[in-house]
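Structure, as structure tokens:
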Amino acid sequence: DAKQGNIMSFFKKV
Amino acid sequence: MLELRLLQGSLLKKVLESIKDLVTEANFDCSATGFSLQAMDSSHVALVALLLRSEGFEHFRCDRNISMGMKLVNMAMMLKCAGNDDIITIKADDGGDTVTFMFESPNQDKIADFEMKLMNIDSEHLGIPEAEYQAIVRMPSSEFARICKDLSTIGDTVIISVTKEGVKFSTKGDIGTANIVCRQNATVDKPEDAIIIEMKEPVSLTFALRYMNSFTKATPLANIVTISLSSELPVVVEYKIAEMGYIRFYLAPKIEE
């Protein structure tokens with residue numbers, strides 16, 4: 001099954 | 001001091017209805033640019049970015065940048081008390097712990113003040129880099145909502161694939177499978193009925209339908225939705241808010257292990 005990605009692994013904190 | 005007067009108060013009502021189930025609480029930021037919000041859902045799978053530009057308000061006074069933490073269901077509850085034709089004014093004092101929503105009926109015969117307590121929210125602001133998308137699909141927002149709703153009766157995830165044939169939405173579940181293909185259709189009578197596909201290269205990504213369905217609660221805000229896809233990036237589902245700005249939903253894809 002595909003694993004749900006996480007927004008924070010794409011966009012970094014500023 | 002902050003005072004923002006929005007003639008088309010229904011826009012704010014619709015904005016809240018579209019995000020209140022996705023995000024529990026959020027900081028609304030106000031600056032010379034406008035009234036904005038960036039927030040993630042509790043599981044950090046989706047992010048919503050809202051901008052209502054200052055020029056879109058009939059009166060926009062924001063003496064200093066201010067961030068107001070609000071519980072969105074409470075804010076939505078208060079805004080539900082405004083009529084659809086009402087003018088809504090958002091008022092707050094610098095350093096205060098409340099925000100006031102003032103509703104004026106169109107003929108000024110009824111004026112209501114609703115004061116709501118603000119809350120301190122530690123939220124993480126994320127930098128969203130400008131990205132080149134492999135494919136951008138523009139389609140009627142009602143059509144997109146219909147597709148998401150229909151597919152979620154069959155399965156939990158949607159594969160969105162863009163090829164030169166068009167855009168395909170697919171799902172599978174216990175009872176079977178479903179595929180919906182939309183072809184580019186730019187020669188319709190009304191521009192808002194067009195499906196326009198800009199493809200640099202084919203792309204195929206898998207997303208949770210639960211979130212897509214939640215995004216489609218923004219359908220009343222815009223006739224057209226724009227879906228921007230790139231492998232290795234969250235999809236962007238954007239609804240433009242008439243003359244004022246946008247609401248963008250970002251959703252992290254499902255990734256094959």
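The chains referred to below are lettered A, B, ... by the order of the sequence lines, with proteins before strands, and numbering in each begins at 1.
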(request) Mind running side-chain contact (heavy atoms from CB on, under 4.5 Å) on A/I7 and B/L126 for me, showing each step along the way? (result) CA-CA 9 Å; A/I7 282 286; B/L126 304 184; 3.6 Å; yes
(message) With a 4.5 Å cut-off on side-chain heavy atoms, are B/P129 and A/F10 touching?
(response) no
(message) On a heavy-atom basis, which atom in B/G127 and which in A/F11 lie closest, and how many Å separate them?
(response) O-CB, 3.5 Å
Any idea which donor-acceptor pairs are under 3.5 Å between chain A and chain B?
residue : atom : partner : partner atom : Å
A/K3    : N    : B/I255  : O            : 2.7
A/K3    : O    : B/I255  : N            : 2.6
A/Q4    : NE2  : B/A252  : O            : 2.8
A/G5    : N    : B/P253  : O            : 2.9
A/I7    : N    : B/H44   : O            : 2.8
A/K12   : O    : B/G127  : N            : 2.8
A/K13   : NZ   : B/E124  : OE2          : 3.4
A/V14   : N    : B/H125  : O            : 2.8

